Amino acid sequence: MYNNRHYYCVILAGGIGSRFWPISRISMPKQFLDFTATGRSFLRMTYDRVKNVIPEENILVVTLRKYREIVTEQLPELRAENLLLEEYNRNTAPALTFATYSLLSRDPEAVMLATPSDLVIDGQEIFEKALMRAFEFAAQSDALITLGVVPTRPDPNFGYIQAADALQEDKPVLVKTFTEKPDPDLAKVFLDTGEFLWNSGMFVWKAETIRGELEKYSPEITRIWSGWDSAMGGGNEAAFLQKVYTSDMPRTSIDYAVMEKTEKAWVYPAQFKWADIGNWDSLYEYLANHDENGNASNFKGKSLLKDSENNILYSAKKGKLTAICGLENYVVIDTYDVLLICPREDDKFKPFLSDLALPDYKEFK
């Protein structure tokens, strides 16, 4: 019989947050920043969100080695052995392989929640109830459960999961299909059918079950970890991890590596309010202040806005006045060394950011 001493949480906090440049930088990516009115970083909010369900000694963070000091500063209560440090970012499948083998070396009966560190969730009680139900189901089965969020609009920025059976409240169902970011028309079709949920990016499963599915569907990743059972938790763990991360490690997501291939995928329909903070539009709702003209802003100094609507505005300098007139649907970000002015549309913003790879702008990344 499982109980919560076997329940674990793995917080994935190794991304570099390039889409939120220039607020988010390689040296301080978005999961460590406070965009909102809460006064807490996304990482801090994620940790606080799960600690009522997961024993704090069972909460782990996977991040890059260069972010060790940031994590320990923001989460001083995190145990040193619960900070898993990657040498390089290889996306979520390698990070969760690391976490899975680490947990199995400690507790073969581990049941784990895997969660990104950059989600915003409203409705803590509903979230905790959904999480407990998902843990209970996973603990008694070989299900790989995604927490699916009941969609409220046909949003093309999110992934969608189609249920194989009729959706019922508080009851996991088998997954039929995954679709990553459909076009707006298809998203509307998904919403109208009542068969689809948003893919929250949060998963619950037994560590042993995901180990088996990783080894079955992604041997190109797991073969690199050969010998983990004797290395993890031992004196040669550091040398072993160095060898693993300097090998030809594939860069791939857990969705592609396992979830879209496995026959054990289930989805739990959850009612809490959720947002994946992956672009400026998704952040818009959660910035600290909103005015009557639809401007979302976070100013450290003073501001003067006139005839401006639906903008995303940020200024990092306390003694500075931000004055804007006649602007609509723009992103204006003023940091200590970069001023960004760009339309909010993702199809314009993403190509523009690609120019940051040029040598002339390396110092500003």
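All of these numbers come straight from a predicted model, not from anything done at the bench. By convention here, the first residue in the shown sequence is residue 1.
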Count I, L, V, M, F, W, Y as connected when their side-chain heavy atoms are under 4.5 Å apart, and connections chain through other members. Are L191 and L197 then in the same cluster?
no
Only residue of I333, V338, I26 satisfying side chain to side chain contact (heavy atoms under 4.5 Å, CB included) with W21 is V338
Assess whether atom NZ of K171 is packed by more than 12 heavy atoms of other residues, nucleotides or ligands within 6.0 Å.
no
Single-linkage hydrophobic cluster, 4.5 Å side-chain cutoff, M202 and I145 together: yes
Can you see whether N293 engages D291 through a side-chain donor-acceptor pair at a distance of less than 3.5 angstrom? no
Tightest non-hydrogen contact, residues L113 and V204, listed as CD1-CG2, 4.0 Å
Worksheet item: Are W228 and Y217 joined in one hydrophobic group, where the rule is that I, L, V, M, F, W and Y side chains link up if heavy atoms are under 4.5 Å apart?
Response: no
Quiz item: Do K129 and D170 meet the salt-bridge criterion of a basic N to acidic O distance under 4.0 Å?
Solution: yes
| Under the 3.5 angstrom rule, does the side chain of T262 hit a backbone N or O of M259 as a donor-acceptor pair? | no
We want to know whether T209 and D142 form a side-chain donor-acceptor pair, criterion being a heavy-atom distance below 3.5 angstrom. yes
Exceeds 12 heavy-atom contacts within 6.0 angstrom, atom NZ of K176:
no
Quick check, are the ring centers of F158 and W274 under 6.0 angstrom apart? yes
* **Within 45° cone of F127 ring axis and under 6.0 Å: K273 NZ or CZ** => no
Practice item. Please answer: with hydrophobic residues joined when any side-chain heavy atoms are less than 4.5 Å apart, are I11 and F42 in the same cluster? Key: yes
> Taking the six-membered ring where the residue is Trp, are the ring centres of F137 and Y268 under 6.0 Å apart?
Replying inline: no
Residue K261 excluded, over 12 heavy atoms near NZ under 6.0 Å: yes
Taking every heavy atom of F98 against every heavy atom of E86, the minimum-distance pair comes out as CD2-CG, 3.9 Å
Can you see whether Y284 has R344 sitting over its ring - NZ or CZ less than 6.0 Å from the centre and within 45° of the normal? yes
Tightest non-hydrogen contact, residues F272 and G123, listed as CB-O, 4.0 Å
Open item on the list: More than 12 heavy atoms of other residues, nucleotides or ligands under 6.0 Å from OH of Y330: yes or no?
Closed with: no
field: Ion pair D337/R25, N-O distance below 4.0 Å
entry: yes
All heavy atoms of N52 vs all of Q124, minimum pair found to be ND2-NE2, 4.4 Å
| said: Assigning hydrophobic clusters by single linkage (Ile, Leu, Val, Met, Phe, Trp, Tyr; side-chain heavy-atom cutoff under 4.5 Å), is V120 placed with I312? | reply: yes
* N58 and R106: side-chain donor and acceptor closer than 3.5 Å? -> no
* Asked: How far apart are the C-alpha atoms of D107 and Y8, what are their side-chain angles, what is the distance that settles it, and do they pass the side-chain hydrogen bond (donor to acceptor under 3.5 Å, both in side chains) test?
  -> CA-CA 10 Å; D107 182 358; Y8 294 82; 2.9 Å; yes
### Query
Less than 4.0 Å between a side-chain N and a carboxylate O, is that true for E208 and R211?
yes
